[in-house]
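What you see below is based on every heavy atom in this structure, not just the backbone, and it leaves out hydrogens, waters and symmetry mates. Remember, predicted model here, so these are calculated numbers, not experimental data. Every chain is numbered from 1 and lettered A, B, ... according to where its sequence line falls, protein lines coming before strand lines.
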There are 2 protein chains.
Amino acid sequence: MQKGEVIRKKIIDTADALFYQQGFAHTSFTDISDALGMSKGNFYYYFKTKDDILNAVIKKRSEAIRLDLEQWDKLESEPRKRLKKYVAMLTASQDVIAKYGCPVGSICSELSKLHHENLNNASEMFEVYRQWLEEQFRQLGYKKEARILSLRLLSRGQGIALITSTYNDKVFFQHEIAEIMAWIENL
Amino acid sequence: MQKGEVIRKKIIDTADALFYQQGFAHTSFTDISDALGMSKGNFYYYFKTKDDILNAVIKKRSEAIRLDLEQWDKLESEPRKRLKKYVAMLTASQDVIAKYGCPVGSICSELSKLHHENLNNASEMFEVYRQWLEEQFRQLGYKKEARILSLRLLSRGQGIALITSTYNDKVFFQHEIAEIMAWIENL
DNA sequence: TTGTAAATAGGACATACGTCCAACTATCCT
DNA sequence: AGGATAGTTGGACGTATGTCCTATTTACAA
């Protein structure tokens, strides 16, 4: 019903934040229901297993990414500016990245160890960004190289996020972001 | 005594492999003692807490890295060739990286969420590499930039490892390694 | 106002975990 | 050989986890 859907979304949002901040393995059913002020039994009414809630979180994130990209497509028509918008998004998230790393990368890193089924779903989040990036590179004239360039930009962001959160060094973060911006400018 | 030290090292090696393949959180005392064919009680005789064994693993890895770097210093005298040796090491590990990611990066990513105390120890593994890389860049004539360049090389390796293990795509891996090699060549 | 479905509550359950211990055996020194 | 030390065992312990169930309350339709 109506109310159920609202609660469902609230649960997903809370689980999303906890998975990001504590990691999937370190977040328990009780953690989530406690954070919601909700009984475990009621939580179970909405999500039967931990994988269910993880999949819901991943699905929600993928959709959110898709919506962001649609917005960017509307706001910017030039592919170069769109690429810069992607990098600017990273900059805007620098504080949380320094604390918890990249929300996509850290969960993929966790799931890539043994939890193969959901890794495929999680890597979908990368794919949404990647295909969009690839399209921008293609429009910049890079036909055969577009795919590898999209992976490279993704990859650099991941490396920067990991080093930044490990060293807790935002100076490095900003330095690298500037370098990438310059790289895009000269493409 | 003698025997104890041998067993101790065997335990550390086994825990090392399991932490790498399954992650720290997903590896239990029982997992390790089972893999060793040893009773939990005996394991406890050597390591009292999970943090103890983690620290021992990190310490062992750091030492191993230091020894590798010493070897490279002896084998190669030119800084450019030394940098290439670092990248060649990544190439040699591409199969395990595709499966489990970077051993250093994946544990730092895991520990950076909430487990602050041991993260400092874990990031020491990065530091060993980083300081050595910085020295090579410095010898190449990059004085002020040496630090940032060392972080960049570290960072790119991390991004590549994560994307490679997520997508299980060794073609991308090799492409990026080649690109980095060319970058080093033209420094 | 009922009857039906949705939503909530609290706790049962089996299992797994990290930690710890008391007792036993092997090893070594004198 | 005897005694001290090192090494080993299996299981106890309290707690936490994921899953599940039954009972109760709320909300809406007839």
* Distance test, side-chain N/O of B/S28 to OP1/OP2 of C/dC17, below 4.0 Å -> yes
* Looking at residues 43-56 of chain A, who's got a heavy atom less than 4.0 Å off DNA chain C? -> A/Y45, A/Y46
* When you measure from the side chain of A/K40, which nucleotide among D/dT8, C/dG11, D/dA12 comes out closest? -> C/dG11
* Whole angstrom value for the distance that separates C1' of D/dG7 from CD of B/E5 -> 13 Å
* Asked: Taking everything shown except A/K48 itself, do over 12 heavy atoms lie less than 6.0 Å from its NZ?
  -> yes
* A/N42 has a side chain; which of D/dG18, D/dT8, C/dA9 sits nearest to it? -> C/dA9
* Structure fact -> From CZ of A/R8 across to P of C/dT8 the rounded distance in Å is 13 Å
* Asked: Taking only residues two or more places apart in sequence or in another chain, which ones pass ring-ring contact (aromatic ring centres under 6.0 Å, His included) with B/Y20?
  -> B/Y100
* To do: Would you mind classifying the nucleic acid contact of A/S33 as base, sugar-phosphate or nothing, using non-hydrogen atoms under 4.0 angstrom?
  => nothing
* Of A/F24 and A/G41, the one whose closest DNA chain D nucleotide lies more 5' -> A/F24
* Asked: Is atom NZ of B/K59 surrounded by more than 12 heavy atoms (other residues, nucleotides or ligands) closer than 6.0 Å?
  -> no
* Could A/E134 and A/R138 be called an ion pair, given the rule that one side-chain N must be under 4.0 Å from one carboxylate O? -> yes
* In whole Å, what is the span from the CE atom of B/M38 to the P atom of D/dT8? -> 6 Å
* Which word best sums up how the rings of B/F19 and B/F24 line up, parallel for under 30°, tilted for 30 to 60°, or perpendicular for over 60°? -> perpendicular
* Asked: Once you round it to whole Å, what is the distance between C1' of D/dC13 and CZ of B/F29?
  -> 15 Å
* Asked: Have B/Q158 and A/Q158 got a donor and an acceptor in their side chains that come within less than 3.5 Å?
  -> no
